[in-house]
Amino acid sequence: MRSKLLIAAMLASATMGVGAVETIKVGVVAPLTGPQAHLGKDIENGARLAVDAINATNPSLGGKPVQFSLQAEDDQADPKTATVVAQKLVDEGAKGVVGHLNSGASIPASRIYSDNGIPQVSPASTAVAYTHQGFKTTFRLMANDSQQGKALGQYAVKLGKRVAVVDDRTAYGQGLIDEVVKAVKAAGGEVVGREYTTDKSTDFTAIMTSIKAKKPDVVVFGGMDPQAAPMVRQMRTLGMKTHFMGGDGMQSAEFLKLAGNSAEGAIGSSPGLPLEKMPGGADFTKRFGEKFGKVQIYAPFSHDAAVVLIQAMLRAGSAEPAQYLPELGKTQVDGVIGPIAFDDKGDLKDGPVTLYQVKDGKWQAVETIGGPPAK
Amino acid sequence: MTNFLPERIYRDPRIARVAFFALGALLLVLPFVVEAGMGRTWVRILDFAMLYVMLALGLNIVVGYAGLLDLGYVAFYAVGAYFYAILASPQFGIHLPWWALLPTGAGIACLFGVLLGAPTLRLRGDYLAIVTLGFGEIIRIFLNNLNAPVNVTNGPQGINMVDPVTIAGSALTKPMDLFGIQISGAHAHYYLFLALTLLVIFIAFRLQGSRIGRAWAAIREDEVAAEAMGINTRNIKLLAFAMGATFGGLGGGLFAAFQGFVSPESFTLMESIMILCMVVLGGMGHIPGVILGALLLTMLPELLRYIGPLQQELVGRVVVDPSDLRMLLFGVALVLVMLFRPQGLWPSPVRARELHPENPDEVRQEQEALYDAER
Amino acid sequence: MDVLLQQVLNGLILGSLYAMVALGYTMVYGILELINFAHGEIVMLGAMVAVTVLAVLAALGVPVPLALLSALAAAVAVCVSTGVLVERVAYRPLRNAPRLAPLITAIGVSIVLQNLAMIVWGRQYLSFPPVLDIQIYEVAGATVTNVQILIVAVAAVTMGGLLVLVRRTRLGRAMRATAQNREVAGLMGVDVNRVIAATFAVGSALAAVAGLLIAAYYGIAHYNMGFILGLKAFSAAVLGGIGNIPGALLGGLLLGVIESLGAGYIGDLTGGFLGSHYQDIFAFFILILVLVFRPSGLLGERVPDRA
């Protein structure tokens, strides 16, 4: 027994001798199982790439060498599970969190992080409410639904003054369309019809017939691709030749597959720049590709989220949340996704939104709205 | 059932008292033991488990005692949660105290129980099931859409920043110091939920043995005979609905306060079916069985988390996503239990004997004795 | 454009799909007094199998009519065997159990089928291969497509066939006898177990056809498409009078038209207070109203024809 203790003591002093490398834990949370597992993995891998790169530079905090470790947790895209894993990260001493993906998970979890003073940077949640709760610890790196809805609404009015909108009665769809409606009115357009569906519907003939009767120039849909695809198909079989637009929920390869020929000409928006236009895009794609394969959507954002968190710690010279939180708010970084700075709510300043259009069966970038002024 | 210990041990009041206090002490220290052993996350899971125990016991009154299949139970849970959230959040700027809201919320849910029950109780079992299912969906659809023309429920965005339960001026979600012991939010809620769960268990036990409880059992076994015995079946069934709904409403209020965020996606049909699974699996009509069912099914998803890595270890890749497996297991369990063990995992001794007489001779003797008495 | 006519047309097409699914509920209920919750999942299986087979055959360059027929045959085969298997394994042992037991089992079976489909096909939506060349016709200010006409035609033919089966054949007579009184039918020499299995087989075959039509119409198939569809079809069956075959037909068409007109006009009728977000409520509302006030449904008495 005694000899064991002795060995332990010797080992301890030996590591002390060379200067103990302190390990600082950063959490990353996303749905790692379930229907969005591939997106969750994307988030985890992006953050991992950032942490590995920073560790390779032998970072030090307040003169002491440190290493960062990433703890990945699975929130299953479920609000209840999100709070459980948030608690878990807090308990296990995470100093900052990258996550979550879904706004429905980020919002209830943010209360736990805030209560414990742990900064949270979401790479993907776009609901406006997330940063509007008055928490000092919540940040995000993606243009929110308000910024996206504004871009969609403005572009819609460029195509035609009479706009009809449909939302799928989810937090995402409704939030987006509310912003579209505001932007359309602000840009001098007219909302001629507002219809609703659900995120499980497949039959839209009734609402599309009503909309057709109102003779709109553009139909904007707030929802996901499984509804957007049959919707645009049914529009075309009803003989409607109006423009069809939607948010990032339908700006996907899945939409192209499901809508077939009817997808042609549809317009979809997505927060952020297209990967190939991001300042660090080409380099990132290469580095990410070597380790993890293809970038889905969120990897550059979660990469930058981890970078922003860790650089704030380095600038503050401390990994204690209370110490580095003020530094996080003052972030001025040129990230992969472009220049990063936060406004007083914790939202990305001037988050850009890019519009894409289906041409020859492919999404092609048409225009980027917003974003920081070009240097 | 065979007794492993001498008969007098079961009879001795002193030993019963000791056992009672031992159990009480165990429940009191449980969160600390759990935290030390498995981390604070599990304390949070324990909190949710107790919430579900309350809900399952409520549904058990309707399904287990009175034999009415209610597939829309989650509606009452939702009513309780939204009632609390609307009157204790920035939604309308109203912040009523929790001790007033929890009981009134339960009362409102009770009212909904009567409202639903009154017209539908004439229906036979399977029709009732379908109507309650429809009712549950209708409530959810209304909650999801009542943000216009007057914003009552804030629609799909849900209500955020719901006030936590506060005791002596300090919010239960924040860590506090009590006689030098650090009590986290999860711990504090554990004690609150424990107290209420014990209350619910107490009421459920008292109801079971009461005149009303026996009337429920009579209706469950044979409605016509029960009516012939002078039971006002309509009122008694209504009472079952009302009592079940009351517990559901209480659970809902606690959920809102604990989670701080309610949205319609927490109150789907699947939630109703999960609570039903707890009751059926544990043992319809048997309180300890239902508690067991609720605890098992809340822990199950957490345990399933380990299946992913396990597959990785054994087969080298994740063949079946553990979150995919959860619902499949529920479904299989429902079918198997109904086919092979309709009395549930931990049935009440009476029901078990009815369904599987341990000693057929005994039953025959009893029956003969009955015939004798009749003659 | 004639909006009203278009809405009625939309509703009739949707309604003929509901009607085909409602038939499966009504037949099983008529004979067993069991709400076969899993029936919607059988429709889903039909759609998934049909889309999968069709995609493979279309990729191989098989001529379209042949590919469609093979996809249909595969869907019918899978659905019928699943339906009969479910009856044999999950419902038959509980035939004399308390009423709650088979109902809970049916919910369990529904969950199991849904999740098995999810594990087999994944969570993505399958897309119906573009083998049908869609033609749009203008009729009196409304548009119809060839696919829609096909759906109504196929639905009419299958349902006509079913009526003939139930009213004119030996099996149909046995079904009607079993529905009226299982014990007596058994005493009269009807093999009750076989008749019940046959009922499930016929209902599942109809579900397979419905599955294929739905996938073709909407262009997509998904593991959880069956549940809501099943609920609505069940509401249609109740509306028409459960256990009654013409009733299911009528109920299906009516529900389709009500939903369509409801979603189209409720906003204007209520001055914007209610909108098309309440489209899914109509089915449940009708269900509750009918069950509470007229449980026998529109076509009333459920005596002679309830197969």
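Keep in mind it's a predicted model, so treat the numbers as computed, not measured. Letters A, B, ... are given to chains in the order of the sequence lines, protein chains preceding strands, and every chain is numbered from 1.
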How far apart are the C-alpha atoms of Glu137(B) and Asp280(C), what are their side-chain angles, what is the distance that settles it, and do they pass the side-chain contact (heavy atoms from CB on, under 4.5 Å) test? CA-CA 9 Å; Glu137(B) 280 296 289; Asp280(C) 283 342; over 6 Å; no
Only heavy atoms, only distances under 4.5 angstrom. Which residues in residues 248-263 of chain C are near chain B?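 Within residues 248-263 of chain C, near chain B: nothing under 4.5 Å.
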Residues of residues 282-290 of chain C with any heavy atom under 4.5 Å of a heavy atom in chain B: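 Only Phe284(C), Phe285(C), Leu287(C), Ile288(C) of residues 282-290 of chain C have a heavy atom under 4.5 Å from chain B.
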Spacing of [atom1] belonging to [X] relative to [atom2] belonging to [Y], to within rounding of 0.5 Å:
X	Y	atom1	atom2	value
Cys277(B)	Ile111(C)	SG	CD1	5.5 Å
Met118(C)	Leu325(B)	CE	CG	8.5 Å
Asn224(C)	Met270(B)	CG	CE	9.0 Å

Can you tell me if CZ on Arg92(C) sees more than 12 non-hydrogen neighbours from other groups inside 6.0 Å?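 Yes, the 6.0 Å shell around CZ holds more than 12 heavy atoms from other groups.
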Should we count OH of Tyr223(C) as having more than 12 external heavy atoms under 6.0 Å?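 Atom OH in Tyr223(C) is crowded, with more than 12 foreign heavy atoms closer than 6.0 Å.
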Side chain / backbone / both / neither for [X] at chain C, heavy atoms under 4.5 Å:
X	result
Leu146(B)	both
Val335(B)	both
Leu71(B)	side chain
Leu128(B)	neither
Leu336(B)	neither

Minimum side-chain heavy-atom gap [X]-[Y] below 4.5 Å:
X	Y	result
Ile242(C)	Tyr127(B)	yes
Phe37(C)	Ile130(B)	yes
Leu334(B)	Thr105(C)	no
Phe142(B)	Ile281(C)	yes

Looking only at heavy atoms, which two atoms of Leu94(C) and Met338(B) are closest? And how far apart?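 Leu94(C) and Met338(B) have their closest heavy atoms at CD2-O, 3.6 Å.
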Quick check on the interface: out of Leu269(B), Leu69(B), Ile273(B), who has the most heavy-atom pairs with chain C under 4.5 Å?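 The residue among Leu269(B), Leu69(B), Ile273(B) with the greatest pair count is Leu69(B).
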For chain C, the option from Asn145(B), Val63(B), Val131(B) that forms the most heavy-atom pairs under 4.5 Å: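 The residue among Asn145(B), Val63(B), Val131(B) with the greatest pair count is Asn145(B).
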Among Leu291(C), Val89(C), Leu103(C), which residue forms the greatest number of heavy-atom pairs with chain B at distances under 4.5 Å?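 Greatest number of close heavy-atom pairs with chain B: Leu291(C).
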Chain B heavy atoms under 4.5 Å from Leu231(C): which part of the residue, side chain, backbone, both or neither?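 Contact with chain B is through the side chain of Leu231(C) alone.
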